[in-house]
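This report refers to the structure that appears directly beneath it.
When reading the values below, keep in mind they use all heavy atoms of this one structure, side chains included, and skip hydrogens, waters and symmetry mates. Only a predicted model underlies this, so the values are computations on that prediction, with no experimental measurement involved.
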Amino acid sequence: MEYLFIHVLNISIAASFLVLAIILYRSFAKKAPKWISVLLWGLVGLRLLFPFSIESALSLIPSKNTIPTTITHDRYPALDTGFENVDEIVNPILSGSMEARPEYSANPMHVWITALGWIWLAVMLCMLLYMAASFIYLRIKTRVKVEREDNVYLCDYVKTPFILGIIRPRIYLPSDISDKDYSLVVAHERAHIKRLDYIWKPLGFLLLSIYWFNPLLWVAYVLLCRDIESACDEKVISNLGDNEKADYSEALLTLGIKNRVISACPLAFGEVSVKSRVSAISKYKKPATIAIVISLVVCTIFAVCFLTYKKNNAVAVEQGIWYAGKVIGSTDANATCDDVPLFVFTENGDLLVESKNLADLSYVRLGKMNTAYVSKSEYESLFEGVTFREGYDAEYFHNVIKAAWRITPSVSSGIDHKEVYLLRTEKELYMGYADDGKIGTLYELRFNEALPTYLYTLKYTSPEVNNAALILDSSKGNGRITFGDHSSYTALGTYEYKNSKLIFTTTDYFELKLVFLDVGGALIYSEKDSDTHGLSGLFPDGILFHGYYQLYGASQCTKFFDINNDGNHELVSVNIGNSGTLWYLVHSQGVALANSTIPFTKYDDIRFEEKDSSLYLVCEYSDVDFNSYRYKVTFDGKNLIFTPEE
């Protein structure tokens, strides 16, 4: 439910920019034919009706997903309005008030979005019921009728002329309508039928029922109804003389509806803005050809600018994990890459950064990648005071940089700098932290291609479930699931993606089918979609597994080691948190998970050391009165073995 609701919200926000543009156009284009306005409202309908859109460099929509689809599962929820100044004001407030803390039983944003989603659905159903009830009510009122001519009926219970019906639209008139008004009113209603307005208005109300929460779309619907009537007025009076125009205006005043609420079904002759329509009729002049041409050009421009989304500038950077490879230049002679976190580039142009909180086990959103245009003089100012490696300087970057991005770090990212710059050449990617428009240190980022293995662990642990993990080897299409400390069962199996779902099928006796919803960087266990063959107590329904993308991105003590001296790099990851210590080992035969009994969390410093082609784990206290320990790390083909040194 929440994903559908978020999708509807994002479409509604995108459509709002088009509505504002049309309202602005209407206020200036007084002499343009009204059918042009109806055509523009049709563009709004297309924007609301179709969930997809093409990309264009000319798009004026600032953001495709103002509300990220993962916001209900992000620890620090944030919006992406496309306006950097707005994001800087709104997101700190939103992240602070809606932070999903581990001690909470549920994510606050998830609770709010779910509740609002159900309210949205309830109101939508009420409006659709009103639409259906209005149609049925009018059908009942028009059961007793007399056909005056083909498709034109007189009815005693009808107070004003209207059209009713979708497949076979019929014109209904009051029984006491005068002969003078009859021909003018029928001409108006037949113009509606010829223009298919009996379809467009109900469709407009249907879309309004879906997007009822947006006040701009209520304004748009009212203006659509006015423009539909005005367009038909223009169609009819374009062939009338002055005296007939006066008769037409008199018919509007005579048959106009007073105090009518917004209707869903019929197209009534005098339903909306009778006074303004009469005034427009008295001033009507046939529009000039140039006015029609200009209006059609405006329609084309609106379609290109508001039915498309901006091109995703992040496609120039490979999606996945990047790490700092070396220092290119710095104002600090002692600068190293040791304290630079891992970065993840996502498909929607977000930049994620490794959390500094070791117990958090997650990535947090750094910010949106906004294209920056940096001139030669700006490069010189940006790198003022920086000492570069040989071959690098401001002029070099001005000549080779193909794309640049500027990111304003979010409060939750833990980056204590005002800006982050990304500079892209044909092959390299550079990153620098900037304060007051000057970069202190510039790093060369490197893309991690070493491991095709993906790791998911519980984002929030509980006494019932902890230390559970899902490890997927994308190169082989297989993986392993551990169900936590409460179960000794470890399942091997294969996996596949279908319709945004990850389906893991075990290859053991149980042949379990475990289904997880992929919500972008995280997996949610779906009990109703899974088939556990009656095996209970595996995972609670809806439990969230947070993804580390590639295993190299695990945020604890991660490094490559060749344990067996066989020329292959194995990866040992030590995860130190409140839930205990987990060891992950990636080797040529797959992935191994081993729980260690060594109480590593009591030590102040834990590090790996390589000596004589062997790997050692060193555990030390900061207090010299306590002993330190060294363990030789080996691998028996299934588990890690820690042998203490004498």
Counting C-beta onward and ignoring hydrogens, is there a side-chain heavy-atom pair between L307 and F302 closer than 4.5 Å?
no
Do H533 side-chain atoms and E511 backbone N/O form a donor-acceptor pair below 3.5 Å?
yes
Got L422 and F343 here, is their nearest side-chain heavy-atom distance under 4.5 Å?
no
Side chain to side chain contact (heavy atoms under 4.5 Å, CB included) evaluation trace for L43 with F306:
CA-CA 9 Å; L43 296 181; F306 294 102; over 6 Å; no
Nearest 0.5 angstrom please: I210 CD1 to L217 CG, how far?
11.0 Å
Separation between CH2 (W35) and OG (S295), nearest 0.5 Å, reads 7.5 Å
Should the ring pair F83 and F17 be called parallel, tilted or perpendicular, given that the plane angle runs from 0 to 90° and is split at 30 and 60?
tilted
If I compare all heavy atoms of F213 with all of S12, which pair ends up nearest, and what's the gap?
CE1-OG, 3.5 Å
What's the spacing between I61 CD1 and S56 OG if we round to 0.5 Å?
11.0 Å
Output, in order, the C-alpha distance, side-chain angles, deciding distance and verdict of side chain to side chain contact (heavy atoms under 4.5 Å, CB included) for L58 and T308.
CA-CA 8 Å; L58 301 176; T308 60; 6.0 Å; no
Out of curiosity, L9 CG to L116 CG, how far, rounded to the nearest 0.5 Å?
8.5 Å
So which heavy atom on H417 is nearest to which on P409, and how close?
O-CG, 3.4 Å
Are there more than 12 heavy atoms of other residues, nucleotides or ligands under 6.0 Å from atom CH2 of W212?
yes
Atom CG in L296, atom CD1 in I301: separation rounded to 0.5 Å?
11.0 Å
Would you check if the side chain of N10 reaches a backbone N or O of I67 as a donor-acceptor pair within less than 3.5 Å?
yes
Indicate the atoms forming the closest heavy-atom contact of I166 with P202, along with that distance.
CD1-CG, 4.0 Å
Quick one, V420 and Y433 - any side-chain contact, counting heavy atoms below 4.5 Å?
yes
Measure the CG-CE distance between L423 and M431 for me, rounded to the nearest 0.5 Å.
10.5 Å
L206 vs L128 side-chain heavy atoms within contact, under 4.5 Å
yes
Indicate the atoms forming the closest heavy-atom contact of Y309 with S63, along with that distance.
CE2-O, 4.2 Å
Just wondering, more than 12 heavy atoms not from W200 lying within 6.0 Å of its CH2?
no
Donor-acceptor under 3.5 Å (Y211 side chain, L48 main chain)
yes
Any sub-3.5 Å donor-acceptor pair from S209's side-chain atoms to F205's backbone N or O?
yes
How about W41 and R26: do any of their side-chain heavy atoms sit closer than 4.5 Å?
yes
Heavy-atom side-chain proximity of S530 to V515 below 4.5 angstrom
yes
Using every non-hydrogen atom in the two residues, find where W218 and M127 come nearest and quote the distance to one decimal.
CH2-CE, 3.6 Å
Y198 versus I193, closest heavy-atom pair with distance:
CE2-O, 3.6 Å
Criterion side chain to side chain contact (heavy atoms under 4.5 Å, CB included) on Y130 and C126, from CA distance to verdict
CA-CA 6 Å; Y130 166 72; C126 289; over 6 Å; no
In the structure I gave you, are the side-chain heavy atoms of I23 and V19 within less than 4.5 Å of one another anywhere?
yes
Test your reading of the model: is there a side-chain donor-acceptor pair from T114 to the backbone of V111, 3.5 Å cut-off?
no
Taking T506 for its side chain and L512 for its backbone only, find out whether a donor-acceptor pair lies under 3.5 Å.
yes
Starting from the C-alpha separation in whole Å, work towards a yes-or-no answer on side chain to side chain contact (heavy atoms under 4.5 Å, CB included) for L94 and L79.
CA-CA 8 Å; L94 182 65; L79 301 180; 3.9 Å; yes
Residue pair I228 / R195, side-chain heavy-atom distance below 4.5 Å
no
